[in-house]
Colleague: 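The structure follows.
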Amino acid sequence: MNIVEKEALKFNSNRGFYKSARTLESLKSNLTTKLYDFNRDRDKLDFLKILREKTVEEKIEHAKTCTGCSFDETRNIALFAIDQEIDDINQFYSYEPKTQDEFSVEEESKLHNKLNDILDKLEKQGFGQQIIFEEIEDLKNHFNLGKKNWFQLLKGKVVDLTLKKVLDKTIVQEIYNQLSDGFEQVVKMIE
């Protein structure tokens, strides 16, 4: 468990978030004050995600025995405040891979061409389903994820195509091998 997770659980468990807060203003104030502890947007989003999950869990658990208290109303206001913070951060947050993980223009171009070649081959072999086309086109739009995350996305997509029985496992393996050619170091990191 990392520091952000520990802080989220502590903030939720000692009821610091809900202690004397019953209004949107007081809940939002408590939350905003706590978020100042984190500089990175990614940490804030992780903190909020955990806090949101715990709030929903508590709400469900409490509903099993509740006879009509303000617990549910306070949690609904808290969820509203959490969701607002998440939306506010997401508005300006964009993932940026580390420099060594970024694709060069040349690498992007090569992968783009390989993806086009794969589409052509699959169509010639009679695999012209829309789902295959959409999945491969989607890969072309995500080079900004960085090498490691892009290859994880690729792996997920080809496994999904296999599970849906859209493509045979041998064809999927061939696609993966063709695309990962030249990126062996990255592929080793995710396997």
Side-chain angles (χ1 to χ4, degrees), residues 1-103 108 130-131 134-161 163-164 186 189-191:
M1 185 178 307
N2 67 31
I3 293 172
V4 175
E5 292 168 331
K6 287 178 184 176
E7 286 295 313
L9 294 175
K10 186 170 95 177
F11 185 68
N12 186 62
S13 70
N14 71 9
R15 305 287 183 243
F17 185 34
Y18 308 104
K19 216 169 224 172
S20 61
R22 299 274 184 250
T23 65
L24 177 61
E25 181 181 8
S26 58
L27 284 166
K28 193 153 175 67
S29 177
N30 285 352
L31 185 58
T32 302
T33 301
K34 182 61 182 172
L35 290 175
Y36 278 119
D37 291 345
F38 309 104
N39 290 333
R40 292 185 295 251
D41 287 341
R42 179 75 261 154
D43 293 339
K44 290 177 185 179
L45 288 170
D46 288 346
F47 177 87
L48 290 166
K49 179 193 76 160
I50 294 164
L51 188 60
R52 188 177 203 297
E53 286 173 8
K54 292 299 175 190
T55 301
V56 169
E57 286 173 14
E58 287 176 354
K59 195 175 151 191
I60 291 169
E61 194 60 37
H62 184 79
K64 294 176 184 176
T65 59
C66 182
T67 57
C69 65
S70 64
F71 186 92
D72 209 35
E73 181 182 340
T74 303
R75 294 316 183 268
N76 285 336
I77 294 170
L79 288 171
F80 178 76
I82 292 167
D83 288 344
Q84 280 190 327
E85 289 293 336
I86 290 171
D87 289 345
D88 189 47
I89 294 168
N90 277 333
Q91 183 177 351
F92 301 104
Y93 176 76
S94 62
Y95 174 77
E96 292 184 27
K98 296 177 181 170
T99 308
Q100 69 271 18
D101 194 42
E102 290 179 348
F103 284 106
E108 281 186 36
Q130 185 67 24
I131 189 168
E134 288 172 0
E135 295 293 346
I136 291 178
E137 283 299 316
D138 191 46
L139 286 168
K140 293 177 184 178
N141 297 322
H142 287 90
F143 292 122
N144 63 319
L145 294 174
K147 294 173 186 174
K148 182 179 177 190
N149 290 334
W150 191 87
F151 277 98
Q152 286 175 327
L153 177 65
L154 167 65
K155 195 172 189 177
K157 286 184 178 294
V158 295
V159 166
D160 192 43
L161 289 172
L163 293 176
K164 290 180 180 177
V186 178
M189 287 175 20
I190 62 173
E191 290 181 347

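These numbers come from the heavy atoms of this one structure, side chains and all, not from hydrogens, waters or symmetry mates.
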Colleague: State which residues pass salt bridge (charged side-chain N to carboxylate O under 4.0 Å, His left out) with Asp83; sequence neighbours excluded, sorted by chain then number.
Modeller: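 Asp83: salt bridge (charged side-chain N to carboxylate O under 4.0 Å, His left out) contacts with Arg52.
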Colleague: Supply the atom-to-atom distance Thr23 OG1 to Lys28 NZ, rounded to the nearest 0.5 angstrom.
Modeller: 12.0 Å
Colleague: With rounding to the nearest 0.5 angstrom, report the NZ to CG distance, Lys44 to Asn90.
Modeller: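 So the NZ of Lys44 and the CG of Asn90 are separated by 12.5 Å.
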Colleague: Is it the case that more than 12 heavy atoms not belonging to Lys54 sit under 6.0 Å from its NZ atom?
Modeller: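 No.
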Colleague: Kindly indicate whether the side chain of Thr55, heavy atoms from C-beta on, has any atom under 4.5 Å from the side chain of Lys59.
Modeller: no
Colleague: With sequence neighbours excluded, what pairs up with Gln91 under the side chain to side chain donor-acceptor pair (under 3.5 Å) test?
Modeller: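 Counting only residues at least two positions away or on another chain, Gln91 forms no side chain to side chain donor-acceptor pair (under 3.5 Å).
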Colleague: Where do His142 and Asp138 come nearest, in terms of heavy atoms and distance?
Modeller: ND1-O, 2.7 Å
Colleague: Show the nearest heavy-atom pair for residues Leu24 and Ala81, with the distance to one decimal.
Modeller: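 The pair with the smallest heavy-atom distance is CD1-CB, 4.1 Å.
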Colleague: Excluding sequence neighbours, so at least two apart, what forms ring-ring contact (aromatic ring centres under 6.0 Å, His included) with His62?
Modeller: Phe71
Colleague: Any idea which heavy atoms bring Val56 and Leu79 closest together, and the distance?
Modeller: CG2-CD2, 3.8 Å
Colleague: Sequence neighbours left out, what passes salt bridge (charged side-chain N to carboxylate O under 4.0 Å, His left out) with Glu7? Give chain and number order.
Modeller: Lys10, Lys34
Colleague: Could you pull out all residues at least two apart from Glu137 that satisfy salt bridge (charged side-chain N to carboxylate O under 4.0 Å, His left out)?
Modeller: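 Checked Glu137 against salt bridge (charged side-chain N to carboxylate O under 4.0 Å, His left out); matches are Lys140.
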Colleague: Looking at residues at least two apart in the chain, or sitting in another chain, which of them share a salt bridge (charged side-chain N to carboxylate O under 4.0 Å, His left out) with Asp41?
Modeller: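 Salt bridge (charged side-chain N to carboxylate O under 4.0 Å, His left out) check on Asp41 returns nothing, list empty.
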Colleague: Quick one: does any side-chain atom of Glu5 pair with a main-chain N or O of Asn2 as donor and acceptor, under 3.5 Å?
Modeller: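 Present.
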Colleague: How long is the straight-line distance from CZ of Phe47 back to CG of Leu9, given to the nearest 0.5 Å?
Modeller: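 Interatomic distance, Leu9 CG to Phe47 CZ, rounded to 0.5 Å: 9.5 Å.
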Colleague: To the nearest 0.5 Å, what is the distance between OG1 (Thr32) and CG (Leu27)?
Modeller: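 With rounding to 0.5 Å, OG1 (Thr32) is 10.5 Å from CG (Leu27).
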Colleague: Dump the intermediate steps for side chain to side chain contact (heavy atoms under 4.5 Å, CB included) on Gln152 and Asn149, then the final yes or no.
Modeller: CA-CA 5 Å; Gln152 286 175 327; Asn149 290 334; 3.2 Å; yes
Colleague: Out of Glu58, Glu61, Glu57, which one pairs with Arg75 under the salt bridge (Lys or Arg N to Asp or Glu O under 4.0 Å) rule?
Modeller: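 So the option named by the test is Glu58.
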Colleague: Above 12 or not: heavy atoms from other molecules or residues under 6.0 Å from CD of Glu73?
Modeller: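 For Glu73, atom CD is not crowded (no more than 12 foreign heavy atoms under 6.0 Å).
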Colleague: How far does CD1 of Ile77 sit from CD of Glu25, to the nearest 0.5 angstrom?
Modeller: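 Between Ile77 CD1 and Glu25 CD, I get 12.0 Å after rounding to 0.5 Å.
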Colleague: Aromatic rings Phe103 and Trp150: how do their planes relate, parallel, tilted or perpendicular, breaks at 30° and 60°?
Modeller: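 Ring orientation of Phe103 relative to Trp150: perpendicular.
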Colleague: List the atom of Cys69, the atom of Cys66, and the distance in Å for their closest heavy-atom pair.
Modeller: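 Heavy-atom minimum between the residues: N-SG, 3.5 Å.
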Colleague: At their closest point, which heavy atom of Leu48 faces which heavy atom of Ile82, and how far apart are they?
Modeller: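 Closest approach of Leu48 to Ile82: O-CG2, 3.8 Å.
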Colleague: If you round to the nearest 0.5 Å, how far is NZ of Lys157 from CG of Leu153?
Modeller: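 Taking CG in Leu153 and NZ in Lys157, the distance rounds to 5.0 Å.
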Colleague: Return the minimal non-hydrogen interatomic distance between Ala8 and Leu51, and the atom names on each side.
Modeller: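 Smallest heavy-atom distance, with atoms named: O-CD1, 4.3 Å.
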